[in-house]
Protein chains: 2
Amino acid sequence: MDDVLSVTTLPRAVHEALRESIIAQRVPPGSTVTEKAVAERFGVARPTAKAALERLVAEGLLRRTAHKTARVPELDRDDIVDLYANRAVVEEAALRRLAEAGEVPDQALSAQRSLIEAARDAGMDHPDAGPLARADIMFHRALVEAQPSPRLARLHALLMGEIELCIGQVLAHRLLALGDVVDQHQGILDAVSAGDVELAGRLTRAHIDGARDRLLTYFDETRLALPGAQSTEQGEEGSRNRV
Amino acid sequence: MDDVLSVTTLPRAVHEALRESIIAQRVPPGSTVTEKAVAERFGVARPTAKAALERLVAEGLLRRTAHKTARVPELDRDDIVDLYANRAVVEEAALRRLAEAGEVPDQALSAQRSLIEAARDAGMDHPDAGPLARADIMFHRALVEAQPSPRLARLHALLMGEIELCIGQVLAHRLLALGDVVDQHQGILDAVSAGDVELAGRLTRAHIDGARDRLLTYFDETRLALPGAQSTEQGEEGSRNRV
DNA sequence: CCCGATCCACTTGTCTGACAATACCTCCGC
DNA sequence: GCGGAGGTATTGTCAGACAAGTGGATCGGG
């Protein structure tokens, strides 16, 4: 509801496509992304690709130093903890402000609805956690963007880039406890519409901490099954496994 | 202590110089900054200037839409309130984490010392609030960067760009209640070294709220002396006064 | 005289092509 | 087997160019 009818510029389009590719793990973590490759892949000039890469670096979805090739970062356990701690701070503040107004945005409601639908459809089967994760993120983004401060929304967006990346890297399979998530969302919405600032903030923090713990559990299960990678010394070429 | 010995790239240098120019009000708020002008001023190619401008836009120190020329934003009262509200959220979180560690960084101590010196020297005279404001900002930045989360520091840096801008736009003259500021800083340092998380967070928030109120008072005094600009309708071309 | 439409200068978006500087990889000699 | 020299790949930066869009000025009509 912000950029409707805006002319989409070329670097922005490349940026969006690449961002989606990275989050969806189509370009694996740890792999390099050269300007030339991007330029050829999308059929644009190298400066255009360069601009797109720079935006991704600014967003935290790519890392690059000096004259070296950009790499998709491999987020570790500490990154998850750090990301969710900061997200909790920002999103709690956002939900408190939203509760002050006491109005629940329509987009959050529709995101919640599609999440419920997805939860029902994916009852026994678990076909692509992608749509589920996307609906969940849309729910949170809608809430934060409905709150009156555009700068707070920017801070949130800055974190959510990496959050999406680590959801993709760690999860990428199934979203556990889907029913609980839906219930927690509903609780937040109720607190907001009731104008209960304290409750909205507390529920938001609890919800995010819960999401973090689920991610950490899954991370630990996945990583402990793999050999090594416990010390700080080797993981250089050893971590370039298939992911 | 982060980028020591790093090769400084050309767009980055232009970006830094321009940023400094904007914050120091050498390029007045509301004025336009074209890519060509920047390129000629620094003797670089237009793409280089373009890159620098894009970084400034991402930082919030310039605003630009579609095909229009970038402008230095004119921050109003609501912007100040919003900026300081977000800054309080981020910086309170940072100080709480710093208090958990319980160690006061050296850079904060030296910034505090230079602030005390500057306060003593500027007893009766008020020669350039620039160094004072800079020392104050260095103090806060040192605290936030000493805290363990790099992402939280990034969020803070993103806000501080605009904060510096609005300090320059509103203040630019004298920093009031300098003694109080120094005392509040000391209180925060004491709370951190004592490991009192709650106290550090509370003092930080109070300090930032106080700074905001001083700025708002000064803003109101200055702006009320000017004609008009009270409704939401006219301020379009009426706000392009000399500033 | 005022209002509207057309035109033009300016600015930005993007491309091509190129060169220098730096980093990484390979190969050769010891 | 190991260390250093060279080549290749990649990035940083530039110059010049053209298309597209914006804003203001000019001109004509009412």
Side-chain angles (χ1 to χ4, degrees), chain A residues 3-19 22 27-28 30-59 61-74 235-240, chain B residues 3-19 22 27-28 30-59 61-74 235-240:
Chain A
D3 270 341
V4 199
L5 244 61
S6 83
V7 219
T8 178
T9 158
L10 197 49
R12 188 174 298 275
V14 174
H15 162 84
E16 273 305 316
L18 252 186
R19 175 193 165 93
I22 292 173
V27 32
S31 64
T32 64
V33 182
T34 72
E35 299 179 352
K36 189 156 167 283
V38 173
E40 287 175 356
R41 172 174 165 191
F42 292 99
V44 298
R46 191 163 69 91
T48 306
K50 182 190 188 63
L53 287 186
E54 275 168 2
R55 281 188 214 194
L56 288 170
V57 168
E59 266 182 306
L61 272 86
L62 284 179
R63 291 196 189 151
R64 172 159 64 167
T65 63
H67 282 77
K68 277 183 286 189
T69 308
R71 300 184 90 91
V72 182
E74 308 180 65
E236 194 70 337
E237 75 285 352
S239 66
R240 199 186 293 125
Chain B
D3 270 340
V4 199
L5 242 61
S6 83
V7 209
T8 178
T9 158
L10 195 49
R12 188 174 297 274
V14 173
H15 163 84
E16 272 305 316
L18 253 185
R19 175 194 165 93
I22 292 173
V27 32
S31 65
T32 64
V33 181
T34 73
E35 300 178 354
K36 189 156 167 279
V38 173
E40 288 174 355
R41 173 175 164 192
F42 292 99
V44 297
R46 192 162 70 89
T48 307
K50 183 190 189 63
L53 287 186
E54 275 168 2
R55 283 188 213 194
L56 288 170
V57 169
E59 266 182 307
L61 272 86
L62 283 179
R63 289 193 190 155
R64 171 158 67 166
T65 62
H67 281 79
K68 278 184 285 190
T69 307
R71 301 184 90 91
V72 182
E74 308 180 65
E236 196 67 339
E237 74 284 354
S239 65
R240 199 185 296 125

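Quick note: numbers below take in every heavy atom, side chains included, and nothing from hydrogens, waters or symmetry partners. Chain letters run A, B, ... following the sequence lines, proteins first, then strands; residues in each count from 1.
- OP1 or OP2 of D:dG12 sits under 4.0 Å from a side-chain N or O of A:K50.
- Considering only side-chain N and O atoms, B:K68 lies nowhere under 4.0 angstrom from the phosphate OP1 or OP2 of C:dT12.
- Taking CG of B:L10 as the reference point, atom CZ of B:F42 lies at 10.5 Å (rounded to 0.5 Å).
- Among C:dA23, C:dT14, C:dT12, the nucleotide with an atom closest to any side-chain atom of A:H67 is C:dA23.
- Salt-bridge formation is detected for the pair B:K36/B:E40: a Lys NZ or Arg NE/NH1/NH2 atom is positioned less than 4.0 Å from an Asp or Glu carboxylate oxygen.
- The side chain of A:T69 approaches D:dT10 more closely than any other nucleotide in the set D:dT13, C:dT14, D:dT10.
- Atom-to-atom, CD of A:E35 to P of D:dT13 comes out at 11 Å; the value is rounded to the nearest Å.
- Counting distance only, with no hydrogens placed and no angle test, the side-chain atoms of B:R46 and the base atoms of C:dG13 include a donor-acceptor pair under 3.5 Å.
- Note that OG1 of B:T69 is 9.0 Å distant from CD of B:E35, once rounded to the nearest 0.5 Å.
- We find that CG of B:L62 is positioned 15 Å from C1' of C:dT12, with the value rounded to whole Å.
- Closest approach of A:L61 and A:P73 over heavy atoms only: O-CD, 3.3 Å.
- The phosphate of D:dG12 (OP1 or OP2) has a side-chain N or O of A:R64 nearer than 4.0 angstrom.
- Between B:A39 and B:A49, the shortest heavy-atom distance links the atoms N-CB, 3.7 Å.
- At whole-Å resolution of the value, CZ in B:R71 and P in C:dT11 are 13 Å apart.
- Taking atom CD of residue A:E40 and atom P of nucleotide C:dT16, one finds them 12 Å apart after rounding to whole Å.
- For B:A45, the side-chain atoms get nearest to D:dA15 when compared with the rest of C:dA23, D:dG21, D:dA15.
- The CZ-C1' distance, from B:R12 to D:dT13, rounds to 15 Å in whole Å.
- In the set D:dA15, C:dT16, D:dT11, C:dT16 carries the atom at the smallest distance from any side-chain atom of A:P47.
- For the pair A:L10 CG and D:dA20 P, the computed distance is 14 Å after rounding to whole Å.
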